[in-house]
Amino acid sequence: MASTNVVGILGGMGPAAGADFVRLFVQACAQQMRSRGEPVRDQAFPEHWLAQVPVPDRTDALASAEQGAHQPLEPMLQALGRLAALGSRAVAIACNTAHAWHANLQERFPQVELLHMARETARHVAEQGAAGVALMATEGTYRVRLYEQALADAGLGCHVPLPEERRTIMRGIFDGVKAGNMPLAEQCFSEVALKLAERHGPVTIIMGCTEVPLGLQGSAAVAGLDLVDPAQVLAAALARRAYASHQPH
């Protein structure tokens, strides 16, 4: 087994999503070993650090142009600095909406490759040959057109939910997953996913908020729908960086 690169995960947005991202990353690392024909063993997993830090709500911050403690950039910069100091060569942000500050974060820490969840996902969906794409996300992610731009760059269009459906998604995120009410989360998310499929046909649905897969996992209501988890795509991308040769990015 060749030496691996140290990588980092910027989490805490929310903590359940950050913890789940570690699970996805460990699974992706095991897959990397298997794809290389190497045994999966404890000592072959890369050094990886998780920064679970309290970060102000990203959607609320994007709705306000005022500076202040409600803005998430400063705590994210501090956490990224800690991950960089620990030797992380690549870092994944376990929050879709937080990528609105990706450019600012990357500019401040050019020595770290800060992966971009939407771009990695758009590339993955394009490679899978998706005929159409729909997006379930936070209001903040829609506001900055995070996925719409990334998908357009990959040659794909993007269907978005109606305003009332967006409110249902936000209810599933905040009153559901973040409040620990998983049945409510499943109800809200499956309702919107089914409406998107009914309206747009056999589309690939991007679960563009890390809370959405947590609420839809194992839901019989959406069985048969083509669901893509950007966190899983990002975890696989981070695992590839961890096992890549020691070359500058």
Side-chain angles (χ1 to χ4, degrees), residues 13-14 16-17 20-21 24 57-60 62-63 94-100 116-179 181-236:
M13 303 173 278
D20 194 59
F21 190 88
L24 295 172
D57 187 80
R58 281 66 61 201
T59 292
D60 286 349
L62 287 170
C95 171
N96 286 267
T97 314
H99 284 72
H116 195 289
M117 186 182 282
R119 293 171 193 159
E120 294 288 347
T121 302
R123 191 177 304 120
H124 169 79
V125 170
E127 289 172 354
Q128 296 298 309
V133 179
L135 174 66
M136 293 177 62
T138 65
E139 288 289 2
T141 296
Y142 292 124
R143 185 173 292 115
V144 298
R145 296 181 58 79
L146 185 74
Y147 276 92
E148 290 93 319
Q149 185 59 57
L151 289 163
D153 291 343
L156 293 168
C158 180
H159 300 292
V160 297
L162 301 175
E164 62 268 23
E165 294 167 353
R166 295 188 192 189
R167 288 190 286 272
T168 300
I169 294 173
M170 294 298 282
R171 184 174 177 230
I173 292 169
F174 286 95
D175 297 340
V177 177
K178 289 181 183 291
N181 187 343
M182 302 311 284
L184 175 63
E186 179 181 348
Q187 175 189 332
C188 291
F189 297 150
S190 60
E191 175 186 324
V192 176
L194 290 169
K195 285 181 177 178
L196 285 169
E198 180 182 356
R199 193 159 60 241
H200 302 294
V203 291
T204 296
I205 299 177
I206 294 176
M207 298 181 287
C209 171
T210 44
E211 267 74 29
V212 174
L214 298 180
L216 275 182
Q217 283 172 343
S219 173
V222 296
L225 297 186
D226 183 16
L227 303 174
V228 171
D229 181 0
Q232 192 169 36
V233 174
L234 185 65

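FYI, side chains are in, hydrogens and waters are out, and symmetry mates aren't considered; it's all heavy atoms of this structure. Predicted model, so just to flag it, every value in this text is computed and none were measured.
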[atom1] of [X] to [atom2] of [Y]: how many Å apart, nearest 0.5 Å?
{"X": "D153", "Y": "R119", "atom1": "CG", "atom2": "CZ", "answer": "8.0 Å"}
{"X": "Q232", "Y": "T210", "atom1": "CD", "atom2": "OG1", "answer": "13.5 Å"}
{"X": "D229", "Y": "I206", "atom1": "CG", "atom2": "CD1", "answer": "11.0 Å"}
{"X": "M170", "Y": "C188", "atom1": "CE", "atom2": "SG", "answer": "12.0 Å"}
{"X": "L234", "Y": "M117", "atom1": "CG", "atom2": "CE", "answer": "4.5 Å"}
{"X": "M207", "Y": "I169", "atom1": "CE", "atom2": "CD1", "answer": "12.0 Å"}

Quick check: closest heavy atoms across [X] and [Y], and the distance to 0.1 Å?
{"X": "A185", "Y": "V177", "value": "CB-CG2, 3.7 Å"}
{"X": "K178", "Y": "M13", "value": "NZ-C, 4.1 Å"}
{"X": "E186", "Y": "L216", "value": "O-CD2, 4.4 Å"}
{"X": "L184", "Y": "G176", "value": "CD2-N, 4.2 Å"}
{"X": "L62", "Y": "G140", "value": "CD1-O, 3.6 Å"}
{"X": "L156", "Y": "A122", "value": "CD1-O, 4.4 Å"}

Would you call [X] and [Y] a side-chain contact if the rule is heavy atoms closer than 4.5 Å?
{"X": "T168", "Y": "E191", "value": "yes"}
{"X": "V133", "Y": "V203", "value": "no"}
{"X": "I205", "Y": "D226", "value": "no"}
{"X": "Q128", "Y": "T204", "value": "no"}
{"X": "D175", "Y": "N181", "value": "no"}
{"X": "F189", "Y": "P213", "value": "no"}

Any side-chain to backbone donor/acceptor pair from [X] onto [Y]? Under 3.5 Å, distance only.
{"X": "S219", "Y": "G215", "result": "no"}
{"X": "Y142", "Y": "A137", "result": "yes"}
{"X": "H200", "Y": "A197", "result": "no"}

Q.
Looking only at the side chains, is there a donor atom on one of N96 and T141 sitting less than 3.5 Å from an acceptor on the other?
A.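 Looking only at side-chain atoms, T141 and N96 do not form any donor-acceptor pair under 3.5 Å.
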Q: Step by step, work out the side-chain contact (heavy atoms from CB on, under 4.5 Å) result for E148 and V160.
A: CA-CA 9 Å; E148 290 93 319; V160 297; 3.7 Å; yes
Q. CD of E164: more than 12 outside heavy atoms within 6.0 angstrom?
A.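 Enclosed: over 12 neighbouring heavy atoms sit under 6.0 Å from CD of E164.
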Q. Would one find more than 12 heavy atoms of other residues, nucleotides or ligands at under 6.0 Å from atom CZ of R171?
A.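 Counting other residues, nucleotides and ligands, CZ of R171 stays at 12 neighbours or fewer.
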Tell me whether [X] is salt-bridged to [Y], with the criterion being a basic N under 4.0 Å from an acidic carboxylate O.
{"X": "E165", "Y": "R199", "result": "yes"}
{"X": "E120", "Y": "R123", "result": "yes"}
{"X": "E139", "Y": "R143", "result": "no"}

Q: Would you please test M136 and C209 for side-chain contact (heavy atoms from CB on, under 4.5 Å) and show each step?
A: CA-CA 7 Å; M136 293 177 62; C209 171; over 6 Å; no
Q: Applying side-chain contact (heavy atoms from CB on, under 4.5 Å), run through M182 and L214 and close with a yes or a no.
A: CA-CA 8 Å; M182 302 311 284; L214 298 180; 4.1 Å; yes
